[in-house]
**Q** 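Here it is, the structure, as structure tokens.
All chains are named by letter (A, B, ...) in the order of the sequence lines, taking the proteins before the strands, and each is independently numbered beginning at 1. If you're wondering where the values come from, they're calculated on a predicted model, not measured in any experiment.
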There are 2 protein chains.
Amino acid sequence: MPQRQLAAALNIDTATYCKIEKGERKARREQVEAIAYVLNTDEKELIKLWLADKVYEMVSGESNVQDILNIVNEKILKYGQNI
Amino acid sequence: MPQRQLAAALNIDTATYCKIEKGERKARREQVEAIAYVLNTDEKELIKLWLADKVYEMVSGESNVQDILNIVNEKILKYGQNI
DNA sequence: CGTAAATTTGCCAAGAAATGTCAAGACGTG
DNA sequence: CACGTCTTGACATTTCTTGGCAAATTTACG
């Protein structure tokens, strides 16, 4: 499937899509959803990967990342944001 | 210690500091560091909490947060960003 | 109560960052 | 070479972040 089609599905220029595909740009949520739809893949899975990526980018390069993730985990447990 | 002093230490308006303290604004990294310094607390700990907060904000409200955290964890292990 | 200090809130503006487009060039293939 | 596709870089646009100001509210205390 040519980028042209994907790009069209996302309402963006092929140039932009290209960058997203190459990881030079972050997709936005709606775009991830649209991609899941067009490619007929599991949207939730894709969103998870996309979020994991964002989190990774936020914490990579830090020290004690495990600690940070643990703290987050505790907060999740505590406030029961698990849906 | 009055907000006025903290605010002064961060070179910002008390109003702005107030928002940060109430969680209506995110502090920026340098500000967290400055706070640690002024309050004479462990900077690394504070930064960890601050980052955990940011991550939490990013994922709370999502489903399967644990999955997401796991994925991140794997990436960390894989690419050895643990400093 | 009355006053002053401290905190909070709402709103706006400047700047930074993210996202997008365009035009030109690179790459592959008939 | 000619075509379609993909990539790149410079620049435009949109969106988010940050901070200030002024006014409102709360708190402290005589």
**Q** Answer with base, sugar-phosphate or nothing: what part of the nucleic acid does Lys19(A) contact at a heavy-atom distance below 4.0 Å?
**A** base

**Q** According to a strict under-4.0 Å criterion, is Thr14(A) in side-chain N/O contact with OP1 or OP2 of dC6(D)?
**A** no

**Q** How many whole angstroms separate atom CG of Leu6(A) from atom C1' of dT5(D)?
**A**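 Result: 13 Å.
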
**Q** Between atom CZ in Arg25(A) and atom P in dT7(D), what is the gap in whole Å?
**A** 14 Å

**Q** Given salt bridge (Lys or Arg N to Asp or Glu O under 4.0 Å), test Glu62(A) with Lys48(B) step by step and report yes or no.
**A** CA-CA 9 Å; Glu62(A) 297 292 334; Lys48(B) 276 200 268 185; over 6 Å; no

**Q** OP1 or OP2 of dA5(C) less than 4.0 angstrom from a side-chain nitrogen or oxygen of Gln3(B), does that happen here?
**A**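 So the side-chain polar atoms of Gln3(B) never come under 4.0 Å of the phosphate oxygens OP1 or OP2 of dA5(C).
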
**Q** With a 4.0 Å cut-off on heavy atoms, is Glu21(A) in touch with a base, just the backbone sugar-phosphate, or nothing at all?
**A** nothing

**Q** If only side-chain N and O atoms of Lys26(B) are considered, is one of them under 4.0 Å from the OP1 or OP2 phosphate oxygen of dT17(D)?
**A** yes

**Q** Take atom OH of Tyr17(A) and atom P of dT21(C), then tell me their distance rounded to the nearest Å.
**A** 15 Å

**Q** For dA6(C), does either OP1 or OP2 sit under 4.0 Å from a side-chain N or O belonging to Arg4(B)?
**A** yes

**Q** Atom CD1 of Ile12(A) to atom P of dT15(D): distance rounded to whole Å?
**A**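 Taking CD1 of Ile12(A) and P of dT15(D), I get 15 Å after rounding.
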
**Q** Once you apply a heavy-atom cut-off of 4.0 Å, does Gln31(A) come out as touching a base, just sugar-phosphate, or nothing?
**A**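 Sugar-phosphate, no base atom in range.
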
**Q** Using a heavy-atom cut-off of under 4.0 Å over every strand shown, decide if Arg28(A) touches base, sugar-phosphate, or nothing.
**A**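 Sugar-phosphate contact only.
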
**Q** Do the charged groups of Lys75(B) and Asp53(A) touch, with an N to O distance under 4.0 Å?
**A**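 Looking at Asp53(A) together with Lys75(B), the answer is yes, because their closest N to O distance falls below 4.0 Å.
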
**Q** Has Trp50(A) got a side-chain atom pairing as donor or acceptor with Ala27(A)'s backbone, closer than 3.5 angstrom?
**A** yes

**Q** When the distance from CD of Glu24(A) to P of dA18(C) is rounded to whole Å, what number comes out?
**A**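 Distance check: Glu24(A) CD to dA18(C) P gives 14 Å.
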
**Q** For the residue pair Glu33(A) and Tyr37(A), confirm or rule out a side-chain donor-acceptor distance under 3.5 Å.
**A**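 Result is no, nothing qualifies.
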
**Q** Rounded to whole Å, how long is the line connecting atom CG of Asp13(B) with atom C1' of dT7(C)?
**A** 12 Å

**Q** Treating Gln31(A) as the side-chain partner and Arg28(A) as the backbone partner, does any N or O pair qualify as donor plus acceptor under 3.5 Å?
**A**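 Present.
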
**Q** Starting from P on dT5(D), measure out to NZ on Lys22(A) and report it in whole angstrom.
**A**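 Result: 18 Å.
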
**Q** Can you measure Ile20(A) atom CD1 to dC6(D) atom C1' for me and round it to whole angstrom units?
**A**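 Atom CD1 in Ile20(A) sits about 15 Å away from atom C1' in dC6(D).
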
